[in-house]
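See structure below.
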Amino acid sequence: MAVHSLIPFILFLLAISPSSASNSSSAAIGINYGQVADNLPSPEAVIRLLRPLGVGRVKLYDTDPRVLRAFADTGVEFVVGLPDRLVPKVRDPATALAWVKANLYPHLPRTRIAAVTVGNEVLSGNDSALTQSLLPAMQSVHSALATLGLDRQVAVTTAHSLAVLSTSFPPSAGAFRRDLLPYVTPLLSFLSKTGSPFLINAYPYFAYKADPKRVTLDYVLFQPNQGVVDPGSGLRYDNMLHAQVDAVRAAIAAAGGGKGVDVRVSETGWPSAGDEDEVGATAENARRYNGNLMRMVAEGKGTPMAPGAPLHVYVFALFNENLKPGPASERHYGLFKPDGSPAYHLGVAEAPAGNSTAPTASSGGAGPHSPGASSTGYYSTISSATMVGSERVSVVVLASMLGLVLRFA
């Protein structure tokens with residue numbers, strides 16, 4: 001690809017570099033790096049992309065030993081995943097201990113592992129056995145970590161779809177589904193006790209796609225608009241993502257047991273292309289959504305319900321993934337094409353320095369984290385639609401994108 005075509009993107013990357021941000025800021029922006037493709041860089045290539053910057057956080061949805069071994073001694077912090085299929089098995093303490101010993105322990109401390117996600121969007125699935133196994137599995141994994149002296153270093157959590165909510169508008173009336181409360185309430189208590197975050201996958205795109213006549217494009221793309229006032233709280237929302245996140249916060253408060261639990265957006269994004277019937281899936285809309293999102297997060301803006309708490313977000317995704325099933329949009333969430341050229345150009349934004357997913361000190365689960373890192377750690381029913389995830393990885397935006405630009409230029 002021509003180097004001149006990268007100039008706008010390089011300018012964007014330079015603008016969001018940590019040096020441009022306040023030292024007191026916490027890194028709230030990350031990016032999901034999916035692997036459902038047959039033409040992506042190897043783990044060793046990703047290391048070469050990240051090493052020049054000396055920073056990086058990666059999230060795996062498994063414990064791929066090839067990746068974890070490759071990243072040994074790099075200083076890159078990992079969040080690793082325990083797949084859904086293993087959740088029922090690791091509810092047994094002995095099995096959980098064996099899993100931790102086989103999949104985490106051999107890589108520590110050379111590879112930095114800050115958290116384990118147990119399953120993905122389990123509670124909104126239709127597998128009752130999996131749902132019933134989720135918290136016991138999380139408890140067993142946490143106990144296994146404690147046995148090995150790692151519980152204050154490695155957090156245990158899980159990611160949720162917005163479909164766990166029965167009410168999401170107005171945000172102040174956010175509530176979990178009644179049928180899930182027996183599982184959600186003790187799960188919140190576990191997260192609070194261990195200092196682990198509540199992860200939510202939120203996609204305003206699906207709300208717009210489902211009802212473009214009622215959902216305004218400016219509202220979902222963080223563009224200037226008149227906003228929506230929550231009649232219950234009087235708070236004004238100028239974008240759907242904030243409304244979704246605050247609906248989750250309200251639901252946690254209503255359920256009880258989640259005192260001090262941080263809410264983070266583990267996935268959000270916008271496709272740059274799609275099938276003919278996929279309204280709004282364009283490169284321009286993707287550019288506006290992700291560019292405006294990164295700018296908003298970089299400014300350290302919290303939501304109307306928690307304005308003093310910077311929102312932590314992982315954008316989906318780094319690459320377009322050619323083997324993902326489903327509609328065409330599923331293969332066009334990437335900021336980059338597999339050859340490293342931008343799928344579209346983002347606007348200039350600023351981004352702050354980094355944060356850790358390790359257990360938080362305020363909740364009694366403090367563990368070591370990187371120098372200067374913060375330890376604080378996601379409307380209508382249609383906005384609850386989320387993207388069903390396959391095996392995914394996430395890397396901080398700056399390291400991944402700048403490295404890829406330098407690698408493929």
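- Looking only at distances, no side-chain donor or acceptor of N320 sits under 3.5 Å from a matching main-chain atom of K337.
- Here the side chain of R331 pairs a donor or acceptor atom with the backbone of K324 at under 3.5 angstrom.
- Taking each heavy atom of V100 and A144 in turn, the nearest pair found is CG2-CB, 3.8 Å.
- Side-chain atoms of L60 and L68, non-hydrogen and from C-beta on, do get closer than 4.5 Å to each other.
- Looking at every heavy atom in both residues, A137 comes nearest to V90 through CB-CG2, 3.6 Å.
- Here the straight-line distance linking atom CG of L293 with atom CG of L241 works out to 6.5 Å at 0.5 Å rounding.
- A distance-only check finds no donor-acceptor pair linking the side chain of D127 to the backbone of G125 [under 3.5 Å].
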Apply side-chain contact (heavy atoms from CB on, under 4.5 Å) to residues K101 and L148 and explain how you reach the verdict.
CA-CA 9 Å; K101 285 182 175 180; L148 299 174; 4.0 Å; yes
Run R295 and N292 through side-chain hydrogen bond (donor to acceptor under 3.5 Å, both in side chains) and show every step you take.
CA-CA 5 Å; R295 183 177 297 107; N292 288 336; 2.9 Å; yes
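- For the ring pair (Phe, Tyr, Trp, His ring centres under 6.0 Å) with Y333, the qualifying choice from Y344, F316, W270, F319 is F316, the only one to do so.
- A 4.5 Å side-chain heavy-atom check between L123 and L134 finds at least one atom pair inside the cut-off.
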Run the numbers on N239 and M296 for side-chain contact (heavy atoms from CB on, under 4.5 Å), then give the verdict.
CA-CA 11 Å; N239 68 82; M296 179 189 72; 4.0 Å; yes
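- With hydrogens and angles ignored, the 3.5 Å screen pairs a side-chain donor or acceptor of E321 with a backbone N or O of V36.
- Note that the CZ atom of R287 and the CG atom of N290 stand 10.5 Å from one another [nearest 0.5 Å].
- Remark: the T303 side chain and the R249 side chain contain an N/O donor-acceptor pair separated by less than 3.5 Å.
- Side-chain polar atoms of Y237 and D246 form a donor-acceptor pair below 3.5 angstrom.
- In this structure, a donor-acceptor pair under 3.5 Å is absent between the side chains of N201 and S161.
- In terms of modelled atom types and a separation under 3.5 Å, the side chain of Q153 and the main chain of A114 share no donor-acceptor contact.
- Checked against a 6.0 Å centroid threshold, the rings of F190 and H142 count as neighbours.
- Nearest heavy atom pair, residue P212 against residue A210, reads CD-C, 3.8 Å.
- Side-chain polar atoms of D84 and N120 form no donor-acceptor pair below 3.5 angstrom.
- With values rounded to the nearest 0.5 angstrom, Y289 atom OH is found 8.5 Å from L221 atom CG.
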Stepwise side-chain hydrogen bond (donor to acceptor under 3.5 Å, both in side chains) check, Y314 with E267:
CA-CA 5 Å; Y314 287 92; E267 291 180 17; over 6 Å; no
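- Within the 4.5 Å cutoff, the side chain of V116 has heavy atoms near those of the W99 side chain.
- For the pair V297 and M294, the minimum side-chain heavy-atom distance is 4.5 Å or more.
- Panel note: side chain H242, backbone D238; no donor-acceptor pair is recorded below 3.5 Å.
- You'll find the side chain of T158 reaches within 4.5 Å of the side chain of H160, heavy atoms only.
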Between F198 and T157, does a side-chain contact (heavy atoms from CB on, under 4.5 Å) hold up when you go through it step by step?
CA-CA 7 Å; F198 187 98; T157 187; 6.0 Å; no
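- Side-chain N/O atoms of Y205 and T268 include no donor and acceptor closer than 3.5 Å.
- To the nearest 0.5 Å, atom CG of residue D73 and atom OG1 of residue T111 are 7.0 Å apart.
- The backbone N or O of P327 lies less than 3.5 Å from no partner atom in the side chain of E330, so there is not a single donor-acceptor pair.
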Residue pair L82, T117: steps toward the side-chain contact (heavy atoms from CB on, under 4.5 Å) verdict
CA-CA 6 Å; L82 187 148; T117 55; over 6 Å; no
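- You'll find the side chain of V164 stays beyond 4.5 Å of the side chain of R177, heavy atoms only.
- A donor-acceptor pair shorter than 3.5 Å can be found between the side chains of S133 and R91.
- Minimum interatomic distance between S172 and S233 (heavy atoms only, all atoms of both residues): OG-N, 3.9 Å.
- Looking only at distances, a side-chain donor or acceptor of D275 sits under 3.5 Å from a matching main-chain atom of A328.
- Summarising the geometry, atom OG belonging to S196 is positioned 12.0 Å from atom CG belonging to L188; distances are rounded to the nearest 0.5 Å.
- Judged by distance alone, the side chain of N322 and the main-chain N or O of D38 form a donor-acceptor pair under 3.5 Å.
- Looking only at side-chain heavy atoms (C-beta outward), T63 and L104 come within less than 4.5 Å of each other.
- Side-chain atoms of L162 and Q244, non-hydrogen and from C-beta on, do get closer than 4.5 Å to each other.
- A pairwise comparison of heavy atoms in D64 and D62 identifies N-OD1, 3.2 Å as the closest pair.
- The distance from the CD1 atom of I113 to the OH atom of Y105 is 12.5 Å, given to the nearest 0.5 Å.
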